[in-house]
2 protein chains.
Amino acid sequence: MVVQLEPLRQAEIDAIFHALADATRRDIVARVIEREQSVSGLAASYAMSFAAVQKHIAVLERASLVVKSQRGRERIVRAEPAAIARARAVLEHYETLWRHRAAAIDAILAEEPEQQGEEHARHRRHHRS
Amino acid sequence: MVVQLEPLRQAEIDAIFHALADATRRDIVARVIEREQSVSGLAASYAMSFAAVQKHIAVLERASLVVKSQRGRERIVRAEPAAIARARAVLEHYETLWRHRAAAIDAILAEEPEQQGEEHARHRRHHRS
DNA sequence: CAGTTGTACAACCATTTGGTTGTAGGTTAG
DNA sequence: CTAACCTACAACCAAATGGTTGTACAACTG
């Protein structure tokens, strides 16, 4: 019963790629990978308001790219490499599709070099005479 | 002279991740990887207007994830795996950062097991008594 | 030729995004 | 206790997104 699994996964992937589609957020990810940091520590690094950085962190959090934990009065942000790995897996899936497609084309061209009249011979032999 | 190289690259990466942050667009990418297709052929696959699919393809095109070429009155959309590889490279960069950071922490813990009083011993030994 | 098909593009609309400021609450410092 | 600090969150705004419909045009078809 793998019912309704895809929509959730798709929304997760949407969130991850959307979170990564912003240079400030990618920079936050890089910073907290190198060293976990407080929200205000991160906010001090950017030329925008504290609340704006807070929102960026919230986007990353929704995508599970970072998690926050409390330490005293600070909220410490740390990276969650699993989400990055999931995004990479999606891209690698596409690259695998591409290689399979290339391999299939090669196989067809190698196997039947004489009767290639349908699929792969759209040479538009009627160039608007 | 590597002047002002980053902003452009960042905008490119923004475009790639933004384009991938939508399930319909990811599906279009998968379809054209398997077989290049016309715009109307793609549009027929989705429960939305032709113009909406056209816009999605335009987003993918701006990100260089697909390219269009004319064949007769049709516009053929085909995949551009280089952009996918660039996105994967970004993610792998983060994963490399993560591994380096983990390695550095291990090194510190292994080298100086006695004087660990500052960096990595925040055990909050004062649990709100 | 006229009609159909494939595409582009503009205009419009609702919703989301990315930023701001302001207010309020919890936590530490003096 | 009071003050300073860190954070959350609401309200607001301009711009971008994601969808629609309608119009226009180029290219095949008959």
Side-chain angles (χ1 to χ4, degrees), chain A residues 10-11 13-29 32 36-63 65-78 122-129, chain B residues 10-11 13-29 31-32 36-63 65-78 122 124-129:
Chain A
Q10 293 289 8
I13 297 172
D14 284 5
I16 294 174
F17 281 124
H18 170 250
L20 291 173
D22 180 285
T24 300
R25 287 195 291 262
R26 286 194 302 275
D27 194 71
I28 291 175
V29 168
V32 301
E36 55 188 38
Q37 259 175 298
S38 69
V39 176
S40 56
L42 286 167
S45 308
Y46 303 100
M48 67 184 73
S49 70
F50 178 86
V53 175
Q54 229 180 354
K55 282 193 184 182
H56 280 305
I57 293 171
V59 171
L60 292 168
E61 209 178 1
R62 255 180 273 134
L65 281 161
V66 305
V67 292
K68 274 190 298 191
S69 58
Q70 190 159 0
R71 186 153 67 202
R73 63 185 163 189
E74 295 182 324
R75 294 311 206 284
I76 303 300
V77 183
R78 68 170 200 273
R122 304 192 186 93
H123 291 203
R124 64 194 156 310
R125 64 206 69 182
H126 58 284
H127 50 96
R128 61 104 183 271
S129 72
Chain B
Q10 293 288 10
I13 297 171
D14 283 6
I16 294 173
F17 282 123
H18 170 250
L20 291 172
D22 180 284
T24 300
R25 288 195 290 263
R26 286 195 301 276
D27 194 70
I28 291 174
V29 168
R31 280 173 186 268
V32 301
E36 56 188 35
Q37 258 175 300
S38 69
V39 175
S40 56
L42 287 167
S45 307
Y46 304 100
M48 67 184 75
S49 70
F50 178 85
V53 176
Q54 230 180 351
K55 283 192 183 183
H56 281 306
I57 293 171
V59 171
L60 292 169
E61 208 179 2
R62 256 180 273 133
L65 281 161
V66 305
V67 292
K68 275 190 296 190
S69 58
Q70 189 159 2
R71 187 152 65 202
R73 63 186 161 189
E74 294 182 325
R75 294 311 206 285
I76 304 299
V77 182
R78 67 169 199 275
R122 304 190 184 94
R124 64 194 156 309
R125 65 205 70 181
H126 60 283
H127 50 94
R128 63 102 183 274
S129 73

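Given the structure is predicted, the values throughout are model-derived calculations rather than measurements. In the text below, chain A, chain B and the rest are named by the order of the sequence lines, each starting its count at 1.
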* Any idea which heavy atoms bring A:Ala43 and A:Phe50 closest together, and the distance? -> CB-CD1, 3.6 Å
* **First of A:His56 and B:Lys68 reached from the 5' end of DNA chain C, by closest nucleotide** => B:Lys68
* Any donor-acceptor pair under 3.5 Å from A:Gln70 side chain to A:Gly72 backbone -> yes
* Length of the line joining A:Ile57:CD1 and D:dT7:P, which is rounded to integer Å -> 8 Å
* **Length of the line joining B:Glu74:CD and C:dT4:P, which is rounded to integer Å** => 19 Å
* To do: Measure from OH on B:Tyr46 to P on D:dT20 and round the result to the nearest Å.
  => 14 Å
* Asked: Tell me, which of residues 48-55 of chain A have any heavy atom that sits under 4.0 Å from an atom in DNA chain D?
  -> A:Phe50, A:Ala51, A:Gln54, A:Lys55
* To do: Give, for atom CD1 of A:Ile28 and atom CG of A:Leu60, the distance between the pair rounded to the nearest 0.5 Å.
  => 5.5 Å
* To do: Give a yes or no on whether a salt bridge exists between A:Arg75 and A:Glu61, defined as a side-chain N under 4.0 angstrom from a carboxylate O.
  => no
* Asked: Step by step, would you call B:Asp14 with A:Arg26 a side-chain contact (heavy atoms from CB on, under 4.5 Å)?
  -> CA-CA 9 Å; B:Asp14 283 6; A:Arg26 286 194 302 275; 2.8 Å; yes
* A:Lys68 and A:Val39: side-chain contact (heavy atoms from CB on, under 4.5 Å), yes or no, with the steps? -> CA-CA 9 Å; A:Lys68 274 190 298 191; A:Val39 176; 4.1 Å; yes
* To do: Nearest whole angstrom, please: distance from the P of D:dC6 to the CZ of A:Arg73.
  => 6 Å
* Asked: Is the shortest side-chain N/O distance from B:Ser40 to OP1 or OP2 of C:dT5 below 4.0 Å?
  -> no
* Structure fact -> With the side chain defined as heavy atoms from C-beta on, B:Arg75 is closest, among C:dG6, D:dA27, C:dA8, to C:dA8
* Residues from residues 13-29 of chain B sitting under 4.0 Å of DNA chain C, heavy atoms only? -> none
For residues 15-25 of chain A, which side-chain N or O atoms pair as donor and acceptor with protein atoms under 3.5 Å away, sequence neighbours left out?
residue, atom, partner, partner atom, Å
A:Asp22, OD1, A:Thr24, N, 2.8
A:Asp22, OD1, A:Arg25, N, 3.1
A:Arg25, NE, A:Ala19, O, 2.8
A:Arg25, NH1, A:His56, ND1, 3.2
A:Arg25, NH2, A:His18, O, 3.1

* Separation of atom CG in B:Leu42 from atom P in C:dT5, rounded to whole Å -> 19 Å
* Asked: A:Met48 versus A:Lys55: any side-chain heavy-atom pair under 4.5 Å?
  -> no
* Kindly compute the distance separating CD (B:Glu36) from CD1 (B:Ile76), expressed to the nearest 0.5 Å. => 6.5 Å
